[in-house]
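The figures that follow rest on heavy atoms only: side chains count, while hydrogens, waters and symmetry mates do not. It should be emphasised that the depicted structure is a prediction, and the values quoted were computed from it without experimental measurement. Start at 1 and go down the list; that is how both ligands and their atoms are numbered.
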Amino acid sequence: MTNGITMTNAVIDCILSRSSTKYYDPTAALSDDQIRELVRIGTTAPTSFHLQNWRFIAVRTPEAKARLSPIAWSQPAITEAAVTFIVCGQLADSSVVPERLAPLVEAGIMPAKMVPEWEIPARDLYMEYPQRQRDEAVRTGTFGAAAMIYAARSLGLGSTPMIGFDAEAVHREFELTKDEVPVMLLAVGPERPGNWAQKSRRPVADVLHLV
Ligand SMILES: Cc1cc2nc3c(=O)[nH]c(=O)nc-3n(C[C@H](O)[C@H](O)[C@H](O)COP(=O)(O)O)c2cc1C
């Protein structure tokens with residue numbers, strides 16, 4: 001950084017060195033346990049009111065990839081990456097708050113009387129507002145995907161977030177429920193050579209307003 005301030009550690013190195021992968025090793029696979037572990041890490045990302053309003057469909061067999069590819073612009077990553085996640089966000093629904101908080105109450109982390117203090121504002125924030133419910137689904141899926149992207153990078157795996165797909169067709173083909181939004185596709189897997197290094201960014205002065 002400028003002004004003599006340098007921030008560095010392994011996490012920052014991981015963030016600074018990530019780029020979207022174009023070329024995957026098409027012969028590489030991830031085990032179902034590795035896929036589960038990536039999703040477990042992804043689901044430690046924050047969600048509004050601890051809603052955890054997400055679901056991940058791991059497209060990893062040749063048959064499943066063949067179903068996804070034609071409805072995702074035939075992007076090579078879908079057939080070549082070890083796995084492509086359909087990252088689904090679920091419309092924010094305050095009625096799930098007690099169930100989502102129950103493990104915290106049982107563990108003695110959260111007092112039981114606090115549960116309505118989360119559920120009531122969540123109800124007031126979302127339940128009459130479909131746009132906010134959908135916005136939250138997209139935010140949740142995006143946070144989860146971001147955590148998986150950096151976890152993948154730290155494990156030496158490439159990743160590619162993708163919005164180039166037919167959302168209605170993916171919804172239908174992979175039987176998303178009516179409260180689920182396909183937020184993005186996220187390809188993950190070992191790379192093959194030829195990928196670009198991280199692209200330069202807009203200057204901080206153009207994107208930061210200090211007030
Ligand atoms: C929401 C989103 C959607 C994207 N969709 C696609 C896509 O459909 N196909 C693709 O090849 N890259 C896609 N990308 C990758 C972007 O092009 C890439 O992130 C951007 O050029 C910056 O490069 P970097 O990720 O290597 O830093 C997407 C990225 C984001 C965040």
S.K.: Between ligand 1 and the protein, which N/O pairs are shorter than 3.5 Å?
M.R.:
{"from": "ligand 1", "atom 1": "5 (N)", "to": "P161", "atom 2": "O", "distance (Å)": "3.3"}
{"from": "ligand 1", "atom 1": "5 (N)", "to": "I163", "atom 2": "N", "distance (Å)": "3.0"}
{"from": "ligand 1", "atom 1": "8 (O)", "to": "Q75", "atom 2": "NE2", "distance (Å)": "2.9"}
{"from": "ligand 1", "atom 1": "8 (O)", "to": "I163", "atom 2": "N", "distance (Å)": "3.3"}
{"from": "ligand 1", "atom 1": "8 (O)", "to": "G164", "atom 2": "N", "distance (Å)": "3.0"}
{"from": "ligand 1", "atom 1": "9 (N)", "to": "Q75", "atom 2": "OE1", "distance (Å)": "2.8"}
{"from": "ligand 1", "atom 1": "14 (N)", "to": "P161", "atom 2": "O", "distance (Å)": "3.1"}
{"from": "ligand 1", "atom 1": "19 (O)", "to": "S20", "atom 2": "OG", "distance (Å)": "3.3"}
{"from": "ligand 1", "atom 1": "21 (O)", "to": "K199", "atom 2": "NZ", "distance (Å)": "2.8"}
{"from": "ligand 1", "atom 1": "23 (O)", "to": "K199", "atom 2": "NZ", "distance (Å)": "2.5"}
{"from": "ligand 1", "atom 1": "25 (O)", "to": "R18", "atom 2": "NH1", "distance (Å)": "2.9"}
{"from": "ligand 1", "atom 1": "25 (O)", "to": "R18", "atom 2": "NH2", "distance (Å)": "3.3"}
{"from": "ligand 1", "atom 1": "25 (O)", "to": "S20", "atom 2": "N", "distance (Å)": "3.3"}
{"from": "ligand 1", "atom 1": "25 (O)", "to": "S20", "atom 2": "OG", "distance (Å)": "2.6"}
{"from": "ligand 1", "atom 1": "26 (O)", "to": "S20", "atom 2": "N", "distance (Å)": "2.7"}
{"from": "ligand 1", "atom 1": "26 (O)", "to": "K199", "atom 2": "NZ", "distance (Å)": "3.4"}
{"from": "ligand 1", "atom 1": "27 (O)", "to": "R18", "atom 2": "NH2", "distance (Å)": "2.9"}
{"from": "ligand 1", "atom 1": "27 (O)", "to": "R201", "atom 2": "NH1", "distance (Å)": "3.0"}
{"from": "ligand 1", "atom 1": "27 (O)", "to": "R201", "atom 2": "NH2", "distance (Å)": "2.8"}

S.K.: Are any of the side-chain nitrogens in E128 or R123 under 4.0 Å away from the carboxylate oxygens of its partner?
M.R.: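 The answer is no: the pair does not qualify as a salt bridge.
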S.K.: Just by distance, do the side chain of S74 and the backbone of P70 share a donor-acceptor pair under 3.5 Å?
M.R.: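 Checking the backbone N and O of P70 against the side chain of S74, no donor-acceptor pair under 3.5 Å is found.
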S.K.: Under the 6.0 Å and 45° cation-pi test, does R192 pair with Y24?
M.R.: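 No.
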S.K.: Does any part of the side chain of F85, heavy atoms only, come nearer than 4.5 Å to the side chain of I57, both counted from C-beta?
M.R.: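 The answer is no; the side chains never approach within 4.5 Å.
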S.K.: Flag the pair D135 and R132 as a salt bridge only when some basic side-chain nitrogen lies within less than 4.0 angstrom of an acidic carboxylate oxygen.
M.R.: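 Here D135 does not pair with R132 in a salt bridge, since their nearest N and O are not under 4.0 Å apart.
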S.K.: Given L51, which partner from the list L91, T140, V97 fulfils the side-chain contact (heavy atoms from CB on, under 4.5 Å) test?
M.R.: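 Option passing the side-chain contact (heavy atoms from CB on, under 4.5 Å) with L51: V97.
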